[in-house]
Amino acid sequence: MHMPERIYFDHAATTPLDPRVVEAMLPYLTENWGNPSSIYAEAQEARRGLDGARKTMADLLGCRPQDLIFTSCATESDNLALRGAAYANRKRGNHIVTTAIEHHAVLHTAERLEQEGFRVTYLPVDSEGFIDIEELEQAVTPETTVVSIMHINNEVGTIEPIAEAARAVKARNPHTVFHTDAVQAVGTLDVNVDALGVDLLTIGAHKFYGPKGVGALYVRPRTPLQPQQLGGSQEKERRAGTENVVGIVGMATAMRLAYEEFDSRNRLYRHLHDRLIAELPEAVPYTQITGPRDPAKRVSHIYSCCLGYVEGEAVLLGLDLAGIAASSGSACTSGSLEPSHVLTAMGLPLEMARGSLRLSLGWDNGEADIDRLLEVLPQVVSRLRSLSPTWPERSGAASP
Ligand code: PLP
């Protein structure tokens, strides 16, 4: 039996390893296995790999190598940023500002800090997922020690005005530490820490064709940060634990390739995204595109929409059976039937939010993948709608 090739549309959840990244990692799995903190010859190759990776990433981000802390994932970086800055600044105040649409790595950390006695303001967003700078300014007080606003929303692709937000926060309170979760931005945009004006910035390698289980946190010099993981004196005593040298070498290689290639990658994503915007709502009636309408204000590798009169999870299962991998939002919320906190914060009615679909593109996607999706999705959706008691065309009722 001929099995059609599978099509992967979930690159915002994770990407496959770039073969060039695997190539760069291999020597650190085989010959260069020493502990980078040791002083003998075997360790020196590992140390060189670690130092080289730190320099590569620092040059790309526009910072000094010593301003980067390597971590085990973006979630750890987010936890370290929020908890580390909140506790290190506790004598100045106990107020934190974040947004209602952050990844759970930030939201659940903020909720835990609330339980520990901090006060947290969750900024609302508009119907396209943008924060309002005036609302941010009003939220920041002399007591505010940390502001955390994501660079790109992982569900709808909204690019938040981070440089403007950081400027506004610093003007209100120069002591406030500004963190951005740039997990979906690094590898897609030309992220530079000075252009953004941020103090802390989170990176996760597996979103840009690097390995899983490795991330980084940029820390601007003199930013107060209390270590959250204690032990050895690695990472200048800001994050204990022997570094994952092979993962870090892979992350730096993937990041260098992403910076070298993001013009060509983004050209492809933009073209495929434009097709989805133009053709998907035509192919599937009662589709509402979510996220910013202005292409300059959203990333092109994330397309998101809500399909009326269906459950997103049922659509995903139908697509999977037809060989297509997609998501209903963030990977962490799929598997639960709760509508996405991002879509509800953007004001989508619950019935629409339940039908969310996210297609996130990678360089391995092409025209034929979009053609196949546009052939399969209408069939999956109309089968599900025909079973739905609320489907208006079932009883011949008028369109909403
Ligand atoms: N932040 C954002 C915006 C993300 O999209 C993700 C992953 O989806 C994370 C943080 C967490 O990344 P990880 O699970 O690799 O720690």
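Each ligand, and each atom within it, is numbered from 1 in the order the structure gives. Residue numbers count from 1 along this sequence.
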For this session: Kindly identify the option in Thr180, Asn79, Asp181 whose heavy atom sits closest to atom 3 (C) of ligand 1.
Result: Asp181
Seminar exercise, completed: To atom 9 (C) of ligand 1, the nearest of Glu76, His103, His104 on a heavy-atom basis is His103
Problem set entry | Region of Thr75 that comes within reach of ligand 1 [heavy atoms, distance under 4.0 Å] | both
Exercise. Counting heavy atoms only, which part of Lys207 comes closer than 4.0 Å to ligand 1: side chain, backbone, both or neither?
Worked result: side chain
For this session: State the atoms of ligand 1, each with its element, that fall below the 4.0 Å cut-off from a heavy-atom position in Met150.
Result: 3 (C)
For this session: Within a distance under 4.0 Å of any heavy atom of Cys73, pick out the atoms of ligand 1 and give their elements.
Result: 16 (O)
Problem set entry | Pairs flagged by ring pair (Phe, Tyr, Trp, His ring centres under 6.0 Å) wherever residues 40-70 is involved - sequence neighbours left out | none
For this session: Begin from the C-alpha positions of Glu128 and Lys297 and carry the test salt bridge (charged side-chain N to carboxylate O under 4.0 Å, His left out) through to its verdict.
Result: CA-CA 10 Å; Glu128 297 189 328; Lys297 293 186 173 173; over 6 Å; no
Problem set entry | Arg358/Glu155 salt bridge by N-O under 4.0 Å criterion | no
Problem set entry | With Asp320 via side chain to side chain donor-acceptor pair (under 3.5 Å) - residues at least two apart | Arg6
For this session: Verify, without hydrogens or angle tests, whether Asp51 (side chain) and Arg48 (backbone) share a donor-acceptor contact under 3.5 angstrom.
Result: no
